Asker: 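Quick one: this structure, given as C-alpha cells, is what I'll be asking you about.
Naming convention: chains lettered A, B, ... in sequence-line order (proteins, then strands); numbering from 1 in each chain. For the numbers below, each heavy atom of this structure counts, side chains included, while hydrogens, waters and symmetry mates do not. The structure displayed is predicted, hence computed values, not measured ones.
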There are 2 protein chains.
Amino acid sequence: MASRTVLEREQTWTIAQIAEEFAITHRAVRHYEELGLISPERRGTVRVYHRRDRTRLALILRGKRLGFPLEEIRTIIDLYDAPRGRRSQLEYVLTQIDERRADLEARRRDLDEALAELTTFEARCRADLAR
Amino acid sequence: MASRTVLEREQTWTIAQIAEEFAITHRAVRHYEELGLISPERRGTVRVYHRRDRTRLALILRGKRLGFPLEEIRTIIDLYDAPRGRRSQLEYVLTQIDERRADLEARRRDLDEALAELTTFEARCRADLAR
DNA sequence: ATCCTGCTTTACGTTAACGTAAACGTCAAG
DNA sequence: CTTGACGTTTACGTTAACGTAAAGCAGGAT
C-alpha cells in the first residue's frame, strides 16, 4: 500500500514552472484559466498543475499558432475530453470532428496555395538574378 | 487609336463593388488602406479600385484566414511587388522568401499534426459507437 | 519575529481590427 | 431644385488577448 501511493503519486507543477516551460507568462496562463481553457487543481488558494493541464496548454498554443481565437480553441479541446457516453453524444462529437476537419483542410489549401506562389515567385527572382 | 484606348481601358471598381465581391465592409476596405495594404487611385475625392487592388485584397484575406496580423500581411504582399532592380535587393527579397517559407511550413506541420490527432480521435469515437 | 520569494486577486492599460454613428460633399433623377 | 443613393472624413466605441502595476497572503530561511 505504501509503495502504491508512492508509485502513483503523479507529478505536479507550479504556475511558474508551467509558464517557464511553455515560454509564456503566468498572466497568460491565468487568462486561459479565466476563459475556461484549463482548470488546475487548487490546494488552498494556490494552483497546482497536472499532466492534463499541460496537454491542454500544448493544444492551446498550437491553436494559437494556427490563428484560432481562444474561445474557439476552448470548444475544440473541450471536444477532446467531452463525455462520450450516450450514443447521441458520440454522434454529436463526430459531426463536430467533421466540421473541424473541414476547417483545417480549408486552411491547408490556403497554406499550400501561399507556398506555391512563394515558390514561383522565388523562381522569378532567381531568374532575374541570373540575368 | 480609338480602338486602342477602348481595348486598353482597364476595368475599375467602386468601393461598394469591392466590398460586395469580397464579402467585407467598406470600413474594412478603408482600414486596409489606412494601414497601407492597398492604395487605390483617387479621382477627386473618390476611390477607384483596379485589378491590382483586387489581387492584393485577395492576398490580404487569405493572410487573414491563415491568422496573420495585418501589419505582417503588409510586409508580405509588399514583398511581391517590391522593386527588384539591384542585385542586393533581389538577394534581400530571396532571404525574405526563405523566412516566409519556413514560417508557412512550420504552420503546416502544426496543421498536419492537428489533423492527424483529429483522425485518431475520430477512430476512437467510431470504435466506442460500434460497441 | 521579520524578511524574502512566490503566489494570489483586483483592476486599469494597451494593441489590433474593425464597428458605428455623425456630418458633410456630389451627382443623376424626378 | 430637392431628394436619394453613394461616397468621404473624423472620431469615439468594442472585443480579444493579454500587459502591468498594486497590494496582500503564506511559508520557509535567517
Asker: Between atom CD in B:Glu41 and atom C1' in D:dG7, what is the gap in whole Å?
Answerer: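 From B:Glu41 CD to D:dG7 C1': 15 Å.
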Asker: Decide, yes or no, whether a salt bridge links B:Arg62 with A:Glu113 under the criterion of side-chain N to carboxylate O below 4.0 Å.
Answerer: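 Here B:Arg62 pairs with A:Glu113 in a salt bridge, since their nearest N and O are under 4.0 Å apart.
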Asker: Extract, from 5' to 3' on DNA chain C, the first and final nucleotides lying under 4.0 angstrom from some heavy atom of chain A.
Answerer: C:dC7 to C:dA11
Asker: Any salt bridge between B:Glu122 and B:Arg126, counting N to O under 4.0 Å?
Answerer: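 Salt bridge flag = yes for B:Arg126 with B:Glu122.
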Asker: Is there side-chain contact between A:Leu115 and B:Arg108, with at least one heavy-atom pair below 4.5 Å?
Answerer: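 A:Leu115 vs B:Arg108: side chains touch.
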Asker: Give, ordered by number, those residues of residues 19-40 of chain B having at least one heavy-atom distance below 4.0 Å to an atom of DNA chain C; if nothing qualifies, reply none.
Answerer: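 Per residue number, the list reads B:Thr25, B:Arg27, B:Ala28, B:His31, B:Tyr32.
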Asker: If you measure from the Lys or Arg side-chain nitrogens to the Asp or Glu carboxylate oxygens, is any gap between B:Arg101 and B:Glu99 under 4.0 Å?
Answerer: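 Answer for the salt bridge query: no.
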Asker: Do A:Val46 and A:Leu57 sit in one hydrophobic cluster, given that two such residues count as connected whenever their side-chain heavy atoms are within less than 4.5 Å of each other, even indirectly?
Answerer: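 Hydrophobic grouping puts A:Val46 apart from A:Leu57.
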Asker: Begin from the C-alpha positions of B:Arg109 and B:Glu105 and carry the test salt bridge (Lys or Arg N to Asp or Glu O under 4.0 Å) through to its verdict.
Answerer: CA-CA 6 Å; B:Arg109 279 191 295 277; B:Glu105 280 172 351; 5.2 Å; no
Asker: Taking the six-membered ring of A:Phe68, is NZ or CZ of A:Arg107 closer than 6.0 Å to its centre and within 45° of its axis?
Answerer: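 Yes, a cation-pi geometry holds between A:Arg107 and A:Phe68.
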Asker: Which sits closer to the 5' end of DNA chain C, B:Lys64 or A:Gln17, going by the nucleotide each is nearest to?
Answerer: A:Gln17
Asker: Looking at B:Thr14, does any N or O in its side chain come under 4.0 Å of the phosphate oxygens OP1/OP2 on D:dG7?
Answerer: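 Result: yes.
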Asker: Test A:Arg87 against A:Glu91 for salt bridge (Lys or Arg N to Asp or Glu O under 4.0 Å), laying out the working first.
Answerer: CA-CA 6 Å; A:Arg87 173 180 206 85; A:Glu91 278 161 354; 3.4 Å; yes
Asker: Taking any heavy-atom pair under 4.0 Å as a contact, classify B:Arg43: base, sugar-phosphate, or nothing.
Answerer: nothing
